[in-house]
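Have a look at the structure below before the remarks.
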Amino acid sequence: MRRLAGLLVVPLLLLSTAACGSDDKGSDSASMKNGLPAITAGEKFGEKPTLAKGEGDPPKELKVNVISKGDGAVTKKGDAIQVNYLGQAWDSTTPFDNSFDRGQPFDLTLGAGQVIKGWDQGLEGQTVGSRVELGIPPDLGYGAQGQGDIKPNATLVFVVDILKATTIPKSATGTAVAQDDKDLPKVGTNTDGKAPSLTVPKVDPPTKLVSNYVLESKGEVVKNTDTVVVNYVAALWKDGKVFDSTYARGKTENFPLAQLTLKGLKDGITGKKVGSRILIVAPPSEAFGNEEKQGIPKNSTLVFAVDILAKV
């Protein structure tokens, strides 16, 4: 089964998917604090930090230092969280990436494999409003392959500000809306967290974008600049075959709508209410057009059943 998400979102940073450490503090110096490189400027939450170069041998296990503790909710696996961060290699004084300069926080779902393992493990159990520093060994980072400017077998150091966390429901909920157009697909209305059924009729597909409620909630209306957490089933109109499903992977996806490249999906979600389930039918002009994408034939009409679980 193809994973569609990689085709949909313009990547912004290097944290794509690729035992907690000791409490020993280690020796402090001007450039080291509690066993990790010191923050030499911008130490307060919300400020862009500057990190010293690591000294001595880097940690062989994940190491987490709480720089300042927030008073918000405790993050847990499955939460949608929003962070600012700066990342730097242990043996470097130059960051390889940071969100502070972009002025755009990064959204992820904890434990969903959307980021390197050191992030999933190190950010779980922290409180919203905290600034934490992570020392991540290669096996919890990018390993022997490296990525981009990150060298193979690099130990990574991150300073992360946890801005907010949202608990993700298992399913869309709301009032079932009549699906009485026999020329459109039918979507199941179950709310047990399992994939809804998706049945495509054997008729010609619509030539314009369709975005209809299946379950209509009373949540906030989604804007085209929002990031939403979704579950979805995606199928081809031509034969009704499902080609992607977050339910099959057991992991939700985060869609930053401003970076969503599939126009029909972006426009179909925008204006709908958080907590709802919707049917989207995207004709080729609103999908991949005359390009073949990972086995999806060119000029395909795509069908989606989407649960808009949360906005972050």
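Quantities reported herein were computed from a predicted structural model and do not represent experimental measurements.
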From [X] [atom1] over to [Y] [atom2], what is the distance, rounded to the nearest 0.5 angstrom?
X      : Y      : atom1 : atom2 : result
Asp181 : Lys186 : CG    : NZ    : 6.5 Å
Arg277 : Ser171 : CZ    : OG    : 4.5 Å
Leu215 : Asn190 : CG    : CG    : 8.5 Å
Leu110 : Glu124 : CG    : CD    : 6.5 Å
Phe158 : Leu156 : CZ    : CG    : 5.0 Å
Asp97  : Tyr85  : CG    : OH    : 3.5 Å

Write down the atom of [X], the atom of [Y], and the distance for their closest heavy-atom approach.
X      : Y      : answer
Phe100 : Pro49  : CE1-CD, 3.6 Å
Ser130 : Gly70  : OG-N, 2.7 Å
Gln126 : Gly122 : NE2-O, 3.4 Å
Leu134 : Leu36  : C-CD1, 4.2 Å
Gln88  : Thr94  : CG-O, 3.7 Å
Ala80  : Val312 : CB-CG1, 3.2 Å

Heavy-atom side-chain contact between [X] and [Y] under 4.5 Å:
X      : Y      : answer
Leu209 : Val281 : no
Asp107 : Ile81  : no
Asn84  : Leu163 : yes
Val177 : Val214 : no
Val83  : Leu108 : yes
Val159 : Ile67  : no
Tyr247 : Asn231 : yes
Val115 : Phe106 : yes

If two hydrophobic side chains count as joined below 4.5 Å and joins carry through other members, does [X] share a cluster with [Y]?
X      : Y      : answer
Phe288 : Phe243 : yes
Leu309 : Val274 : no
Phe45  : Ile39  : no
Ile168 : Ile269 : no
Val160 : Leu140 : yes

*Has Lys272 got its NZ or CZ under 6.0 Å from the middle of the six-membered ring of Tyr213, at an angle within 45 degrees of the ring axis?*
yes
Within the side chain of [X], is there an N or O that forms a donor-acceptor pair under 3.5 Å with the backbone of [Y]?
X      : Y      : result
Asp120 : Gly111 : yes
Thr109 : Gly78  : no
Ser68  : Lys44  : no
Trp90  : Gly56  : yes
Glu286 : Leu302 : no
Asp192 : Lys194 : yes
Asp239 : Lys241 : yes
Thr191 : Thr173 : no
Ser276 : Ser217 : yes

Do the charged groups of [X] and [Y] touch, with an N to O distance under 4.0 Å?
X      : Y      : value
Lys53  : Asp91  : no
Lys273 : Glu216 : yes
Lys298 : Glu292 : no

_Looking at Asp183, I want to see if its CG is surrounded by more than 12 non-hydrogen atoms of other residues, nucleotides or ligands under 6.0 Å._
yes
*Step-by-step side chain to side chain contact (heavy atoms under 4.5 Å, CB included) determination, Val64 to Glu133*: CA-CA 6 Å; Val64 182; Glu133 185 176 8; over 6 Å; no
*I would like to know whether Asp267 and Ser211 meet side chain to side chain contact (heavy atoms under 4.5 Å, CB included); could you show each step before the answer?*
CA-CA 8 Å; Asp267 291 349; Ser211 177; over 6 Å; no
*Applying side chain to side chain contact (heavy atoms under 4.5 Å, CB included), run through Lys223 and Thr270 and close with a yes or a no.*
CA-CA 5 Å; Lys223 303 186 295 293; Thr270 300; 5.8 Å; no
*Is a side-chain donor-acceptor pair under 3.5 Å present for Thr227 with Asn254?*
no
*Name all pairs fulfilling the salt bridge (charged side-chain N to carboxylate O under 4.0 Å, His left out) condition that reach into residues 75-85, sequence neighbours left out, sorted by first residue then second.*
Lys76-Asp79
_salt bridge (charged side-chain N to carboxylate O under 4.0 Å, His left out) contacts touching residues 151-179 (sequence neighbours left out)_ = Arg131-Asp161
*What's the verdict on side chain to side chain contact (heavy atoms under 4.5 Å, CB included) for Leu265 and Ile280, showing C-alpha distance, side-chain angles and the deciding distance?*
CA-CA 7 Å; Leu265 196 55; Ile280 296 175; 3.8 Å; yes
*Start with the C-alpha gap between Glu55 and Ser31, add the side-chain angles, then the distance that decides, and say whether side-chain hydrogen bond (donor to acceptor under 3.5 Å, both in side chains) holds.*
CA-CA 7 Å; Glu55 289 183 353; Ser31 60; 2.5 Å; yes
